[in-house]
Amino acid sequence: MRVLSGIQPTGNLHLGNYLGAIRNWVRMQDAMTDGSECFFFLADLHSISVHEGAEQRRANVRHMAAALIAAGIDPDRSVLFNQARVPAHAELCWLLMGTARIGWLNRMTQFKDKAGKNREGASVALYAYPVLQAADVLLYQATHVPVGEDQKQHLELTRDVAIKFNADFGVELFTVPDPYIQKETARIMSLRDGTAKMSKSDPSDMSRINLTDDDDAIMQKVRKAKTDPAPLPERAADLEGRAEAANLVGIYAALAGSTPDAVCAQFAGQGFGAFKPALGSLLIETLAPIRTRYLELIEDAPALDAILEAGAQRAAAAAQPTLRGAYEALGLFR
Ligand code: TYM
């Protein structure tokens with residue numbers, strides 16, 4: 001079993017990232033008792049698909065590294081690094097360009113969403129993004145990739161690339177990975193719109209809880225979250241058609257280690273005036289220790305850089321055999 005996943009170091013780590021992905025990374029890391037390694041990285045090469053200044057990008061990488069460590073990623077047990085320090089990612093990405101099909105990329109909903117109406121003006125990196133993601137995963141022979149629902153399609157493409165490359169060149173070079181998506185937290189929705197996912201690119205900061213939000217901000221965002229006037233039902237099935245309410249109940253259940261049915265049973269008949277403060281307190285209880293640790297870690301940039309440098313060395317060594325295998329399979333001298 002080899003676990004690998006990545007996150008773009010743009011913007012803040014938010015509750016959707018945390019419940020959808022990072023919390024599962026930490027759980028998988030903590031469950032590894034046989035010395036197997038987990039690989040977690042900051043997808044800074046992916047971040048060039050949108051424009052950002054160099055200083056900002058450097059700061060973002062440190063911020064996200066600090067946030068991941070604060071959330072429980074242990075750089076002694078897991079390999080934590082940023083993509084750009086491991087050139088094998090960019091190299092394998094190019095080698096896979098001959099295997100990935102334009103038709104596959106044309107089907108990617110994330111490209112369609114992010115490019116919007118201005119497809120002609122989108123960067124080539126935004127379009128080819130899933131090929132780099134395939135390289136990220138295949139380089140390390142990952143078997144399990146813990147992600148939120150929105151990355152499922154990219155992982156299907158990763159599987160297609162692995163299968164086609166192996167078949168085209170008659171090799172068994174790449175392991176075909178499985179996405180690991182936890183159903184209950186696969187899609188945490190915006191606090192302002194129960195039909196849109198919580199996202200760092202939403203212009204309204206009120207739509208998301210950031211891991212860096214202080215207690216007052218968390219409580220205020222929960223109090224202002226969009227809901228409806230009806231009380232909570234006895235069973236979660238009766239939240240059908242109430243997207244915002246279902247989202248808040250789902251978040252509560254995920255944080256309490258409970259189920260939406262149990263949360264509904266607990267609050268049945270009560271309105272959001274009673275439920276929201278309880279949810280706010282639970283969020284503060286969970287996030288405050290992470291925020292405190294994050295604020296300490298971010299003060300020590302040299303220590304973060306050293307962690308990422310050490311992680312990159314371990315990652316580069318792990319990636320080498322597969323990269324060499326890809327050059328050989330293609331008949332390229334290296
Ligand atoms: P990114 O940076 O958008 O998000 C990081 C992780 O958070 C999950 N996530 C969510 N889960 C539930 N609800 C939400 N509202 C929500 N928002 C985000 C994402 O599914 C993801 O797991 N392309 C990737 C980064 C990447 C990667 C990889 C991932 C690059 N290479 C290789 C896995 C394997 C991305 O942009 O994630």
Side-chain angles (χ1 to χ4, degrees), residues 2-26 28 38-50 60-61 63-65 67-68 71 73 81-84 86 88-90 92-93 96 108-111 113-114 125-126 128-159 161-162 175 177-202 207-211 243 247 250-251 254 315 319:
R2 178 163 273 185
V3 175
L4 171 135
S5 200
I7 182 164
Q8 285 206 62
T10 37
N12 277 315
L13 192 65
H14 58 70
L15 188 68
N17 299 133
Y18 179 67
L19 291 178
I22 316 303
R23 197 171 69 154
N24 291 328
W25 300 7
V26 174
M28 289 168 108
C38 298
F39 290 76
F40 301 117
F41 64 91
L42 311 167
D44 52 359
L45 289 177
H46 275 111
S47 80
I48 68 159
S49 55
V50 290
N60 285 348
V61 165
H63 279 268
M64 196 53 90
L68 294 184
I73 298 300
F81 63 102
N82 63 299
Q83 242 177 353
V86 183
H89 289 252
L92 185 62
C93 174
L96 298 178
M108 296 293 117
T109 54
Q110 187 162 305
F111 174 74
D113 291 348
K114 291 201 174 174
L126 190 64
Y129 182 114
V131 186
L132 178 58
Q133 185 156 344
D136 299 336
V137 176
L138 300 180
L139 260 184
Y140 299 96
Q141 309 290 346
T143 54
H144 296 71
V145 186
V147 286
E149 175 78 27
D150 60 355
Q151 295 302 314
K152 193 168 171 218
Q153 199 186 31
H154 287 163
L155 287 196
E156 276 158 11
L157 185 135
T158 300
R159 291 169 59 89
V161 168
T175 303
D178 279 313
Y180 175 85
I181 300 173
Q182 200 188 343
K183 207 173 119 258
E184 302 77 28
T185 51
R187 212 168 145 75
I188 302 294
M189 309 310 274
S190 155
L191 300 181
R192 310 298 294 171
D193 174 0
T195 63
K197 69 170 184 181
M198 187 178 285
S199 147
K200 20 191 166 196
S201 53
D202 192 315
S207 70
R208 64 186 157 259
I209 307 270
N210 303 305
L211 255 67
N247 187 41
I251 292 173

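Being a predicted model, the structure only gives us computed values, none of them experimental. We use all heavy atoms of the structure for the numbers below, so side chains are in, but hydrogens, waters and symmetry mates are not. Just follow the structure's listing: the first ligand is 1, and inside any ligand the first atom is 1.
- The protein residues lying under 4.0 angstrom from ligand 1, judged by non-hydrogen atoms, are Ser5, Gly6, Ile7, Gln8, His14, Gly16, Asn17, Gly20, Ala21, Phe41, Ala43, His46, Tyr129, Gln133, Asp136, Val137, Val145, Val147, Gly148, Asp150, Gln151, Thr185, Ala186, Arg187, Ile188, Lys197, Met198, Lys200.
- Looking only at distances, no side-chain donor or acceptor of Gln133 sits under 3.5 Å from a matching main-chain atom of His154.
- Using a 4.0 Å cut-off between charged side-chain N and carboxylate O, Asp202 and Arg208 make no salt bridge.
- Side chain of Asn247 to backbone of Met189: a donor-acceptor contact under 3.5 angstrom is found.
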What donor-acceptor contacts under 3.5 angstrom involve side-chain atoms of residues 142-149, with partners at least two apart or in another chain?
from: Thr143; atom 1: OG1; to: Arg2; atom 2: N; distance (Å): 2.7
from: Thr143; atom 1: OG1; to: Arg2; atom 2: O; distance (Å): 3.1

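- The shortest distance between side-chain heavy atoms of Ser47 and Asn60 does not fall below 4.5 Å.
- Between the side chains of Gln110 and Asp150, no donor-acceptor pair of N or O atoms lies under 3.5 Å.
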